[in-house]
Amino acid sequence: MSLKIYNTISREKEEFKPVTPEHVGMYVCGPTVYSDVHLGNCRTFISFDIIYRYLTNLGYKVRYVRNITDAGHLEGDRDEGDDKFSKIARLQQVEPMEIVQKYTLGFHHVMQLFNNLPPSIEPTATGHIAEQIEMTKHIIANGYAYEVNGTIYFDVEKYSKEQPYGILTNRKLEDLLEGTRELGGQDEKRGRLDFALWIKASPEHLMQWPSPWGMGFPGWHIECSAMSEKYLGKKFDIHGGGMDLAATHHTNEIAQSQACNHTSPANYWMHTNMLTVNGTRMSKSLGNGFLPEELFTGNHPLLEKAYSPMTTRFFMLQTHYRSTLDFSNEALQASEKGFKRLWEAYEVLKKFTIINNDAAAKDVELNAKCLQIIAAFDENMNDDFNTAKVLANMFELVPLINSIKDGLIPADALASSTLILMQQKFKAYIEEVFGLTDEFNLSDGKLSGVMELLIDIRKEAKSKKDFATSDKIRNQLTAIGINLKDEKDGGVSWSV
Ligand code: AMP
Ligand code: ZN
């Protein structure tokens, strides 16, 4: 059973074959740190965190590089507008690096709250100016770029005479040209699709560096080409990012690497689909972005309540990364319930004690069905990381786990080896691959101890007909989200 990855470039699921056996090099375009990351950005980074975790879980030694864009990202995709960092720095009268520091720290904090693992290397554009200048020089020397008054442009027309330019999104040059405006009289580019590798800085521009072409700053696309080559080599395995990056940023990255190194940088191009709000892409520029903090506090006019980081992560896992995901209160509420139900079953499963490791199944049919569902976890994950289907597989097993707990199905209906496998697979997927954590503290011994004590005090109060105390315990627990349930057998259970 091998891993298949949907490759944007071939528009097909392809068997994954790493450049170097047992190793994976993965580059993901990181955030542009001039403002807070919104939930849409988080969806992309959570998706790649799961891909990173799964590849590691499969036994690959993964080098995961995710950059920080802290220079060179202009407001428009095609070299128009101001530099995003300089603009905000000027407005707030601070150093551009203060903007970069503030939002980089904020980004790391959010990634931690979502339990995303840090990448192996997190290079910054400003830390790799020399590499970007070198690559630009190489592209000029190979004849694919030209200088106009201190700015260096990539010559798309020349490139596209020799090899296709828009292959990533399957667009012909004529169609791409149609989508861009005519060059104005002031425009110094030779062709409408040409893009800047290096941009001449006006004296007042806040971030600028010396180069063979005078003072300037790098274009946005060259940053990722130079840094991915430095840390992963000229040809690596996976290049990822949000779908919105494919048409321009990644298309230009491919052109730059081809022009410089005569090879496309990555074998597999992976793109996550967009998080939408009422069908419209969540984006910083449209102003419809939810900040993670707004979600965690419930402090947003469109939110009915707060949702925790793990509920949000679970919500994202319930949809395949290549499908759009629409953000709504109903969907989040359903995820909150689903996540709790799954975690409760997981806690029950963990507590099943296996007395005889070799015990055979008493219900052979049920045992076989159970094994088939467990095997589907890996099959679905190997099918282009289908987290949504793996969760559905887990939910197929939840009623069985609960029935064993309630004594409706005897535990020995299943072979001991099946129960052990189920415990191992739930742990591997829920905690290691999906990166979900025990937000309910269900496995925390201290909370269980406190709950036992409260349940005892309530029982005593009831027996003395002190209903004021017993009601107070129940109501105050309900208010903080812990529910008590009086069972038929006289016992009391609790859930969060
Ligand atoms: P940026 O900080 O704008 O450069 O974006 C960082 C990453 O988030 C990129 O990979 C984008 O493609 C991705 N992204 C931006 N908006 C969304 C969205 N609404 N849904 C999913 N990913 C997004
Ligand atoms: Zn990039």
Would you find more than 12 non-hydrogen atoms of other residues, nucleotides or ligands less than 6.0 Å from [X] atom [atom1]?
X      : atom1 : answer
Lys389 : NZ    : no
Glu293 : CD    : no
Arg63  : CZ    : no
Asp175 : CG    : yes
Glu95  : CD    : no
Lys158 : NZ    : yes

Heavy-atom side-chain contact between [X] and [Y] under 4.5 Å:
X      : Y      : result
Met97  : Met207 : yes
Arg190 : Val148 : no
Ile140 : Trp213 : yes
Ile46  : Thr312 : no
Leu332 : Glu336 : no
Trp269 : His250 : yes
Asn57  : Arg53  : no
Thr272 : Ser47  : yes

Between [Y] and [X], do the side chains contain a donor N or O and an acceptor N or O under 3.5 Å apart?
X      : Y      : value
Glu229 : Ser257 : no
Glu304 : Gln333 : yes
Asn382 : Tyr54  : yes
His239 : Glu253 : yes
Asn273 : Arg43  : no
Tyr6   : Asp383 : no

How long is the gap from [atom1] on [X] to [atom2] on [Y], to the nearest 0.5 Å?
X      : Y      : atom1 : atom2 : answer
Ser225 : Tyr27  : OG    : OH    : 8.0 Å
Leu55  : His23  : CG    : NE2   : 13.0 Å
Gln132 : Ile129 : CD    : CD1   : 5.0 Å
Phe195 : Phe154 : CZ    : CZ    : 5.0 Å
Arg66  : Thr44  : CZ    : OG1   : 11.0 Å
Phe290 : Leu302 : CZ    : CG    : 4.5 Å

**OP:** State which residues pass side-chain contact (heavy atoms from CB on, under 4.5 Å) with Pro123; sequence neighbours excluded, sorted by chain then number.
**Re:** Val65, Asn67, Ile121, His128, Met227, Tyr231
N/O donor-acceptor pair under 3.5 Å between [X] side chain and [Y] backbone:
X      : Y      : answer
Tyr321 : His271 : no
Gln318 : Leu391 : no
His109 : Phe107 : no
Asn386 : Asn380 : no
Gln256 : His221 : yes
Arg171 : Gly166 : no
Asn41  : His38  : yes
Asn288 : Ser283 : yes
Asp326 : Gly279 : yes
Asp194 : Val156 : yes

Would you call [X]-[Y] a salt bridge at under 4.0 Å N-O?
X      : Y      : value
Glu204 : Arg90  : no
Glu134 : Lys137 : yes
Lys161 : Glu157 : yes

Subject >> side chain to side chain donor-acceptor pair (under 3.5 Å) between Glu162 and Gln258, intermediate numbers included >> reply: CA-CA 11 Å; Glu162 293 160 26; Gln258 287 279 9; over 6 Å; no
**OP:** Indicate, with yes or no, if the rings of Phe114 and Phe296 have centres closer together than 6.0 Å.
**Re:** yes
Subject >> Close aromatic pair by centroid cut-off 6.0 Å: Phe327 and Tyr307 >> reply: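 No; Tyr307 has its ring centre 6.0 Å or more from that of Phe327.
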**OP:** Can you see which heavy atom on Phe236 is nearest to which on Gly25, and at what distance?
**Re:**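 What the structure gives for the nearest pair is CD1-O, 3.9 Å.
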Original post:
What's the shortest heavy-atom distance between Phe48 and Met270, and which atoms?
Top reply: CZ-O, 3.7 Å
Original post:
Please walk me through it: do Asp49 and Tyr64 pass side chain to side chain donor-acceptor pair (under 3.5 Å)?
Top reply: CA-CA 9 Å; Asp49 180 59; Tyr64 172 25; over 6 Å; no
